[in-house]
Participant: 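Could you have a look at this structure, given as structure tokens, before my questions?
First listed ligand is number 1; within each ligand, the first listed atom is number 1. This is a predicted model, so every value here is computed, not measured.
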Amino acid sequence: MANNDGTRGFGRRQFLGGASALAFSGWSNASLFAQPQRTVADLVLVNGKIHTMDPANRVVSQALIQSGRFTAVSNTVSIPRGVRRIDLKGRTVIPGIIDAHNHIVLVGNRPGWHTPLEHVFTIPETIAALKARSTEVPAGEFITTVGPVSAMQFMERRLPTLTELDAVNRPVYIQAAQGGTRTNSQGKAWLEARGVMVAADGAITGPALTAALLALRKELLTPETRKRSALDALKYYAKLGITTHRDCGAFHSEALSGGLANENTYTMHNPFMALHRDGTMPARLRIDFLHQDSPAANPPLPTLSVRLKNSFPFFGDEWIKTGGIGEFTGGGVEGLRAIAKAGWRGEDHALNLAGVTNLVKDRETVNAEIPLSGLRWIISHVPEFPVDLANRMNVMGMGVLLGWGPLRTGANVGPPYRMLMGHPIKKGYHSDGGDITVINPWLNFSTIVSGKNLAGQQILGDQTLTRQEVLWLATAANKWFIEEDDLGSIEIGNRGDLVVLDRDCFAVPDEDLKRTRSLLTVVGGKIVHDEIG
Ligand SMILES: [Zn+2]
């Protein structure tokens with residue numbers, strides 16, 4: 001299949017089809033997927049506070065990784081000769097964070113020199129970060145931040161103005177999940193030359209906003225810039241401790257679109273596939289397929305039925321692997337029925353109590369015909385969620401993903417973390433970030449622990465969790481949601497994914513939790529981020 005964006009090499013279907021053909025001709029998948037990522041040096045970490053998140057919640061001081069997997073985890077590891085030794089000097093270590101539902105693929109396809117800004121909390125810090133970025137960006141080229149950033153994260157509770165952004169000697173374009181869109185004088189001139197109206201303070205609103213993003217996409221996106229954005233995004237979140245992303249899709253747009261959540265869902269994975277071919281993936285990617293067929297479509301399920309016939313669920317290797325259908329299944333109950341019949345996983349998201357109640361009812365209808373138990377179906381970002389619905393989902397063997405909180409407002413907006421921690425239903429952590437909210441896990445953890453959004457307003461009432469519980473949700477608990485038992489905990493035999501933190505996230509004051517980042521991130525024994533040296 002020719003790629004719509006003109007990229008050279010495999011499209012998604014060729015990639016999967018090629019793998020299948022090779023498997024039939026007697027080649028193993030291992031040889032097809034042999035990548036430089038696999039050639040990693042063995043290493044041992046000593047003198048750490050290593051929170052294993054194993055079933056006994058052990059905290060140990062040493063961990064040995066050989067050939068990409070943990071081979072010893074204890075206080076008394078006998079260290080083989082020739083292994084690289086890293087002295088942690090008492091630092092805190094956690095398993096690699098699994099974000100079990102986000103939109104990293106959208107973030108990896110942003111136009112311009114995309115620059116995530118989820119680690120800065122004041123306007124001056126933001127300007128400093130953009131100035132630092134400008135040293136890597138050729139004169140006249142756009143620095144962009146599109147999606148996972150918000151006015152609420154800044155002490156000033158607003159985005160930078162045109163005048164403030166003029167301190168950066170490049171065109172700058174910031175389009176926030178919440179809080180509007182801003183550009184500077186260089187950006188304003190570029191956009192106005194293309195008929196996009198920008199206010200004197202750099203704000204872009206209404207139809208001009210769609211036109212602005214469309215113009216940036218039309219003129220700045222190439223296969224190479226997409227690949228650069230994909231790599232930058234994965235690296236950025238590896239610095240924040242995420243080693244596995246489960247991507248939950250985009251709204252399909254065949255042509256380039258001005259919508260923040262829109263992409264071509266048949267080609268948007270290409271930049272990530274390109275990184276995989278180069279052997280430069282700095283984190284793992286799990287891919288779900290979002291479908292939105294109308295229940296009234298005739299013939300029924302025009303896109304979903306083709307997907308279920310022609311794609312492979314849970315196929316790939318340790319770096320990139322497909323999953324199920326979501327975060328929209330499309331097609332109403334008929335769509336759910338088709339997914340269940342095919343034996344795939346299905347996921348939908350909920351925005352309110354009425355919505356989640358309907359989702360549970362529809363699943364009960366299908367479950368009465370085709371038992372869903374064992375397929376690990378998911379409902380994500382449940383808001384209000386009474387125990388009755390938790391009971392009914394649990395009976396069907398389903399799980400709920402929790403998170404999506406730092407930008408929300410109001411009292412007791414949910415989810416009811418405390419109730420769910422005491423409930424037998426499967427639960428895990430997700431940010432849902434990329435277009436409507438942030439991805440930085442520490443912003444989410446901070447909210448779940450303190451109950452406060454990024455503006456400091458109490459939104460969770462008495463439903464907060466302990467740090468141990470939050471970290472467990474984002475690591476070991478997420479094994480169930482990605483259906484991989486050898487990730488999410490530091491245990492012998494598991495893949496060597498871990499994060500050495502810059503602070504003790506179990507002890508720092510609530511206010512400091514959101515500034516947590518990684519000093520050393522290891523994925524399958526490969527060091528993907530290193531400030532320890
Ligand atoms: Zn989502």
Side-chain angles (χ1 to χ4, degrees), residues 97-110 116 118 146-150 175-178 230 233-234 237 242 244-253 257 259-265 268-269 272 283-293 303-304 307 322-330 335-336 339 344-352 355-356 358-359 376-385 398-408 413-415 426-441 443-444 447-448 473-474 478 480-482:
I97 293 169
I98 300 167
D99 189 342
H101 169 144
N102 67 23
H103 299 276
I104 184 77
V105 174
L106 275 174
V107 179
N109 278 280
R110 297 308 191 194
E118 298 177 49
V146 179
V149 62
S150 87
Q175 182 170 349
Q178 292 181 32
L234 290 172
Y237 296 111
I242 302 179
T244 302
H245 300 262
R246 188 170 76 92
D247 185 81
C248 287
F251 299 138
H252 178 63
S253 229
S257 156
L260 197 59
N262 290 65
E263 253 302 335
N264 184 323
T265 56
M268 69 181 187
H269 305 102
F272 293 83
R284 309 180 190 284
L285 177 67
R286 304 296 178 256
I287 295 167
D288 274 52
F289 302 114
L290 186 151
H291 285 271
Q292 293 186 289
D293 291 336
T303 69
L304 180 62
R307 172 79 69 192
T322 60
I325 304 296
E327 67 177 290
F328 291 104
T329 53
L336 297 178
I339 296 165
W344 280 53
R345 180 177 66 199
E347 174 187 9
D348 279 285
H349 81 191
L351 297 173
N352 51 44
V356 70
N358 282 333
L359 292 179
R376 301 197 185 186
W377 281 31
I378 299 166
I379 296 180
S380 47
H381 45 82
V382 291
E384 299 158 86
F385 193 63
M398 293 178 190
V400 287
L401 282 170
L402 313 175
W404 186 56
L407 307 185
R408 303 199 68 205
V413 297
K426 295 290 182 190
K427 54 259 171 191
Y429 161 78
H430 74 325
S431 71
D432 196 30
D435 53 319
I436 62 159
T437 186
V438 291
I439 293 178
N440 183 346
L443 305 183
N444 280 279
T447 291
I448 302 169
L473 284 175
N478 272 343
W480 190 88
F481 290 86
I482 58 167

Participant: Would His349 count as a contact for the Zn ion (ligand 1), in the sense that one of its N, O or S atoms lies under 2.8 Å from it?
Facilitator: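 No, since none of the N, O or S atoms of His349 sits under 2.8 Å from the Zn ion (ligand 1).
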Participant: Determine which of the N, O or S atoms in Asp432 is closest to the Zn ion (ligand 1) and give its atom name.
Facilitator: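 For Asp432, the N, O or S atom at the smallest distance from the Zn ion (ligand 1) is OD1.
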Participant: Of all the N, O or S atoms in His103, which one sits nearest to the Zn ion (ligand 1)?
Facilitator: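 Minimum-distance N/O/S atom of His103 relative to the Zn ion (ligand 1) is NE2.
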Participant: For His101, run the side-chain hydrogen bond (donor to acceptor under 3.5 Å, both in side chains) check against Glu347, Arg286, His245 and tell me which one passes.
Facilitator: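 Among Glu347, Arg286, His245, the one meeting side-chain hydrogen bond (donor to acceptor under 3.5 Å, both in side chains) with His101 is Glu347.
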Participant: Verify whether one side chain among Ser431 and Asp99 offers a donor that lies under 3.5 Å from an acceptor in the other.
Facilitator: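 Looking only at side-chain atoms, Asp99 and Ser431 do form a donor-acceptor pair, the distance falling under 3.5 Å.
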Participant: Looking at Lys426, I want to see if its NZ is surrounded by more than 12 non-hydrogen atoms of other residues, nucleotides or ligands under 6.0 Å.
Facilitator: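 No, the 6.0 Å shell around NZ holds no more than 12 heavy atoms from other groups.
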Participant: Quick check on side-chain contact (heavy atoms from CB on, under 4.5 Å): which of Leu401, Ile104, Leu285 does Arg246 satisfy it with?
Facilitator: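 Among Leu401, Ile104, Leu285, the one that satisfies the side-chain contact (heavy atoms from CB on, under 4.5 Å) with Arg246 is Leu401.
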Participant: Scan side-chain atoms only and decide if His430 and Asn102 contain a donor-acceptor pair under the 3.5 Å cut-off.
Facilitator: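 Distance-only check fails for His430 and Asn102.
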Participant: So does Asp435 have any N/O/S atom less than 2.8 Å away from the Zn ion (ligand 1)?
Facilitator: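 So Asp435 does not count as coordinating the Zn ion (ligand 1).
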Participant: Kindly give the atom name of the N, O or S atom of Glu327 closest to the Zn ion (ligand 1).
Facilitator: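 Result for Glu327 and the Zn ion (ligand 1): OE2.
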